[in-house]
Amino acid sequence: MDSAAVDDSDASPFVDASTMVSEADSTSVEAAPPLPRSSLESKSTATATATTTTTADSGSSASSSSSSSSSSTHTATVPALSAVQSFGFAEDANLRFRQSNEDGHAFIDRFCGKRDDAFFAIYDGHGGREAVEIIEQRLHQLFAEEWLRATAVAERADDIRPAADAEDRSSKAGFSTADHHHVAPVTPGDGNVHHAQRAFQRAYARMDRELESHHCAYVGSTSITCLLSRDATSGRRYLYTANAGDSRAILVRRDGSVLRLSYDHKASDEREARRIHEQGGFVACRRVLGVLSVTRSFGDFALKHFVVCEPHSSVHAIDEHTDTHVVLACDGLFDVMSDEEVAECILASAEARVDAQLAAEQLVARALHQGSTDNVSCMVVRLT
């Protein structure tokens, strides 16, 4: 997505009834140094390049993507995964309509050293790659610092509440826990609902401050980020999601039903347009001040009074019998494919159900076939 992207007038914005996350706390922690990039083996086909790095031991890894003048695809070779069955990533610069690929992504297995945890994300840049390249290297590090800090403080303070209070805590923390059929209710028993929300909130705020120091006035990026984590008390896995902008995450179930885990922050959304009007701005041609089609993002400091980085958050308790895949993608895919079409594409063949890389490649190919005019990036994570 870039500032010149055209909104799909037929797309119905997802209206979420959950409480919006409050403004991030200003407390800062000294940033860790950026991680080095590394490339893995790839094979060439007909989409844009992508390199993915995972470190199974520490979870301290990063992913990066870049485009080339000729279309070519990578299939990343990764070590055996611990937290998930498999993951796949595919992208296409769509050079017929775009001059370059401004998307990025990250996948970190054994996040923060925990074998059952993983962090994964897609970033959709606009105005150039400057913001995306920084976010790819830094956001998961900032989130890890905040996540470890929050859970450590909770352990020291014996902050884990009884199971009966878990659902109430999740609501007060700002998570969407029961948004009709989109996001399933939280099952009581998870003591980390508040801590995950807080960690996302603070990491997003810190990431935005770093971009401000890089003078990202007219460059920015949306973000869709997920933490898959097993609760030590209940033994159940939870999927925590946070997003700013219109990149989206959905959960696919075995029966083909879908839960949307994110909120599309677009200028065409009634609630977002009202927020901008209340802050003294306006929406023209479904763009903030007639310029940007998204209402939340990293960077974009020329519009920061209206285009905030404050994330929407949700939490979902994984049902090991029915929840099969998580799909993250930029608007280049979801502008031309519904959530249900994405689920259908994954579940249509036995091969795609098992092979997350194949599923991601097929989704990107279908989005292009159905007329996407934007960069297209897609990540498929197979849970069970």
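Residue indices begin at 1 and follow the sequence shown.
- Hydrophobic clustering places L211 together with Y204 (ILVMFWY residues linked when any side-chain heavy atoms are closer than 4.5 Å, directly or through intermediates).
- Salt bridge annotation for D374-R98: present, with a cationic side-chain nitrogen under 4.0 angstrom from a carboxylate oxygen.
- The shortest side-chain heavy-atom distance between N101 and E91 falls under the 4.5 Å cut-off.
- Here the CG atom belonging to L347 is positioned 12.5 Å from the CZ atom belonging to R253, to the nearest 0.5 angstrom.
- A continuous path of Ile, Leu, Val, Met, Phe, Trp and Tyr side chains, each step under 4.5 Å between heavy atoms, connects L292 with F282, placing both in one hydrophobic cluster.
- Side-chain contact check for T295 versus I276: some heavy-atom pair is nearer than 4.5 Å.
- For the pair F107/M379, a side-chain contact is recorded, criterion being any heavy-atom separation below 4.5 Å from C-beta on.
- Residues L228 and V84 are in side-chain contact: their nearest non-hydrogen atoms beyond the backbone lie under 4.5 Å apart.
- No continuous path of ILVMFWY side-chain contacts below 4.5 Å connects L358 to L81, so the two sit in separate hydrophobic clusters.
- To the nearest 0.5 Å, atoms NE2 (H195) and CG (L148) are separated by 12.5 Å.
- The side-chain tip of R271 points at the ring of Y263 from less than 6.0 angstrom away and within 45° of straight on.
- Using a 4.0 Å cut-off between charged nitrogen and carboxylate oxygen, E146 and R206 count as a salt-bridge pair.
- Taking CG from L142 and CZ from R202, the interatomic distance works out to 11.5 Å, rounded to the nearest 0.5 Å.
- Using a 4.0 Å cut-off between charged side-chain N and carboxylate O, E361 and R366 make no salt bridge.
- Ring centroids of Y123 and F298 are separated by 6.0 Å or more, keeping the two rings apart.
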Working for ring pair (Phe, Tyr, Trp, His ring centres under 6.0 Å), residues F143 and F200:
CA-CA 6 Å; F143 177 72; F200 273 127; 4.3 Å; yes
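- For the pair D339 and R248, the salt-bridge criterion is met [side-chain N within less than 4.0 Å of a carboxylate O].
- Between E320 and R237, at least one side-chain nitrogen of the basic residue sits less than 4.0 Å from a carboxylate oxygen of the acidic one, meeting the salt-bridge criterion.
- A 4.5 Å side-chain heavy-atom check between T322 and D255 finds every atom pair outside the cut-off.
- Remark: E278 does not engage R275 in a salt bridge, criterion side-chain N to carboxylate O under 4.0 Å.
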With side chain to side chain donor-acceptor pair (under 3.5 Å) as the criterion, how do T222 and S247 come out once you've worked through the C-alpha distance, each side chain's angles and the decisive distance to 0.1 Å?
CA-CA 6 Å; T222 69; S247 294; 2.8 Å; yes
Any chance you could lay out the side-chain contact (heavy atoms from CB on, under 4.5 Å) test for F334 and I250, step after step, and finish with the verdict?
CA-CA 11 Å; F334 281 112; I250 65 172; 4.2 Å; yes
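- Cluster membership for F97 and L368, using ILVMFWY side-chain heavy atoms within less than 4.5 angstrom, is not shared.
- Residues D331 and D124 are in side-chain contact: their nearest non-hydrogen atoms beyond the backbone lie under 4.5 Å apart.
- Considering only heavy atoms from C-beta on, I318 comes within 4.5 Å of H316 through its side chain.
- Note that the CD atom of E212 and the CD atom of E210 stand 11.5 Å from one another [nearest 0.5 Å].
- For F120 and F87, the distance between ring centers is not under 6.0 angstrom.
- The environment of NE2 in H215 is sparse: at most 12 heavy-atom neighbours from other residues, nucleotides or ligands sit within 6.0 Å.
- D109 and S82 share no side-chain donor-acceptor pair at under 3.5 Å.
- Side-chain contact between C112 and F119: absent, with no pair of heavy atoms (C-beta onward) separated by less than 4.5 Å.
- Under 4.0 Å is where a charged nitrogen must lie from a carboxylate oxygen, and between D335 and K266 at least one such pair does.
- Atom CD of Q85 is separated from atom NE2 of H325 by 9.5 Å, given to the nearest 0.5 angstrom.
- Residues Y218 and M207 do not share a hydrophobic cluster, defined by chaining ILVMFWY side chains whose heavy atoms lie under 4.5 Å apart.
- In this structure, N375 CG and D103 CG are separated by 4.5 Å, a value rounded to the nearest 0.5 Å.
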For residues 301-309, dump all side-chain donor-acceptor pairs below 3.5 Å to protein atoms at least two apart in sequence or in another chain.
from : atom 1 : to   : atom 2 : distance (Å)
K304 : NZ     : D208 : OD2    : 3.1
K304 : NZ     : S297 : O      : 3.1
K304 : NZ     : G299 : O      : 2.8
K304 : NZ     : V307 : O      : 3.0
H305 : NE2    : Q279 : O      : 3.2

